[in-house]
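Everything numeric here is computed off the predicted structure, so don't read it as measured data.
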Amino acid sequence: MSWMATARFEARSAPAGLALVQELVNTHAVERDGADLLADHATTQQWLEVASRQWAGERGLKPPDPALSETDLQALRELRASVQDMLAIPPDERPTDPVAVPSAVTHRAQVYLVTDEQNRVAMVPVGAGAGWLASAVWSEILLAQRTGTWFRLKLCREPGCVSAFYDASRNGSGVWHNVRSCGNIANLRASRTRKKKHSAADGTGNSAGNVASTN
């Protein structure tokens, strides 16, 4: 089993449960890679069933109830948009300090706090459908911010893609989800831009030379 939305982009998956956050963002439509997986109830239900099982396997937990109501679709799209906005902030500009005061924006999440045999505390999201997914996503973001992995989850810089990918480079300098696809597109675009500038400069130079020789 794999993260079906992220697999469409051939993007590196984030570690452990953070991959669920990445997976949600990657449900968006991209012309060359696939349709919006949150477009209708049936498609969304199928995606959530697979994603929730994958997440449960990563966390060693029982799969949650993925049943969606008809009103859950809009909530999931709004959740996706919120996470996309967070990832659109450059990693070096994302806040690192713990929240000191209540925020004007409140995200509702329901979790249980559990301990294992070694007395380690873990958060377990509860609920069903869109409510469960929201709880799981915000819990995973919180954990990632505390462990430092949040800053390696990025959006591809290619405007026609903007898929979420996990930057595993040593210095965290990755900007494309896939160098072979989006990297090549960006390099080709830059090359064409340079050629146009050179052509424009050559044309201007030739015109100036013609005017000078006439005089």
- Message: I need the Tyr112 OH to Ser135 OG distance, nearest 0.5 Å.
- Response: 11.0 Å
- Query: Out of curiosity, Ser163 OG to Lys154 NZ, how far, rounded to the nearest 0.5 Å?
  - Reply: 13.0 Å
- Item | Candidate pair Phe151 and Asp92, rule side chain to side chain contact (heavy atoms under 4.5 Å, CB included), full reasoning | CA-CA 8 Å; Phe151 303 97; Asp92 58 353; over 6 Å; no
- Query: Can you tell me if Asp36 uses its side chain to pair, donor with acceptor, with the backbone of His28 under 3.5 Å?
  - Reply: no
- Is a donor on one side and an acceptor on the other found under 3.5 Å between the side chain of Arg80 and the backbone of Ala75? no
- Message: Within this structure, what is the CE-CG distance for the pair Met86 and Leu155, rounded to the nearest 0.5 Å?
- Response: 11.5 Å
- Message: Side chains of Trp132 and Val126, heavy atoms from C-beta outward: is any pair under 4.5 Å?
- Response: no
- Message: Tell me if a side-chain donor or acceptor on Arg94 pairs with a main-chain N or O of Leu87 at a distance below 3.5 Å.
- Response: yes
- Message: Are Thr44 and Thr27 packed together at the side-chain level, in the sense that at least one heavy-atom pair is separated by less than 4.5 angstrom?
- Response: no
- Query: Under 3.5 Å, is there a donor-acceptor pair between the side chain of His41 and the main chain of Thr71?
  - Reply: no
- Where the side chain of Arg152 meets the backbone of Ser169, is there a donor-acceptor pair that is under 3.5 Å apart? yes
- Message: Using a 3.5 Å distance criterion without hydrogens, assess whether the side chain of Asp72 forms a donor-acceptor pair with backbone atoms of Gly129.
- Response: no
- Message: Under 3.5 Å, is there a donor on one side chain and an acceptor on the other for Thr115 and Arg120?
- Response: no
- Exercise: identify the closest heavy-atom pair between Ala51 and Glu23: CB-CG, 4.3 Å
- Query: Are side-chain heavy atoms of Val114 and Val121 found at a separation under 4.5 Å?
  - Reply: no
- Item | Spatial distance of atom CH2 (Trp138) from atom CG (Leu79) [nearest 0.5 Å] | 6.0 Å
- May I ask you to test the Tyr166-Ser13 pair for a side-chain heavy-atom distance under 4.5 Å? no
- Message: Just to verify, what does Arg77 make a salt bridge (Lys or Arg N to Asp or Glu O under 4.0 Å) with, not counting sequence neighbours?
- Response: none
- Report yes if some heavy atom in the side chain of Arg8 is under 4.5 Å from a heavy atom in the side chain of Leu37; otherwise report no. yes
- Do Leu20 and Trp3 have side-chain heavy atoms sitting under 4.5 Å apart? yes
- Nearest heavy-atom contact between Asp167 and Gly172 is OD2-C, 2.9 Å
- Mind checking whether Met123 and Leu142 have side chains closer than 4.5 Å, heavy atoms only? yes
- Note on the structure: All heavy atoms of Leu153 vs all of Ala14, minimum pair found to be CD1-CB, 4.4 Å
- Item | Val111 reachable from Ile141 in the ILVMFWY side-chain graph, under 4.5 Å edges | no
- Interatomic distance, Phe165 atom CZ to Glu10 atom CD [nearest 0.5 angstrom]: 15.0 Å
- Query: Ignoring hydrogens and geometry, is there a side-chain-to-backbone donor-acceptor pair from Glu58 to Gly17 under 3.5 Å?
  - Reply: no
- Message: Nearest 0.5 Å, please: how far is CG in Leu143 from CG in Leu18?
- Response: 9.5 Å
- Item | Nearest heavy atoms of Leu68 and Ala130, plus distance in Å | CD2-N, 3.6 Å
- Which pair of heavy atoms, one from Ala11 and one from Gln22, lies closest together, and at what distance? CB-NE2, 4.4 Å
- Message: Less than 3.5 Å apart, any donor N or O on the side chain of Glu140 or Trp55 sitting next to an acceptor on the other?
- Response: yes
- Item | Main-chain N/O of Asp40 paired with Thr43 side-chain donor or acceptor, under 3.5 Å | no
- Query: Do Pro66 and Gln45 touch side chain to side chain, with heavy atoms closer than 4.5 Å?
  - Reply: yes
- Item | Test item: side-chain donor near acceptor, Asn26 and Thr6, under 3.5 Å | yes
- Message: Looking only at the side chains, is there a donor atom on one of Asp85 and Ser82 sitting less than 3.5 Å from an acceptor on the other?
- Response: no
- Item | Cluster overlap Val25 with Leu73, hydrophobic side-chain contacts below 4.5 Å | no
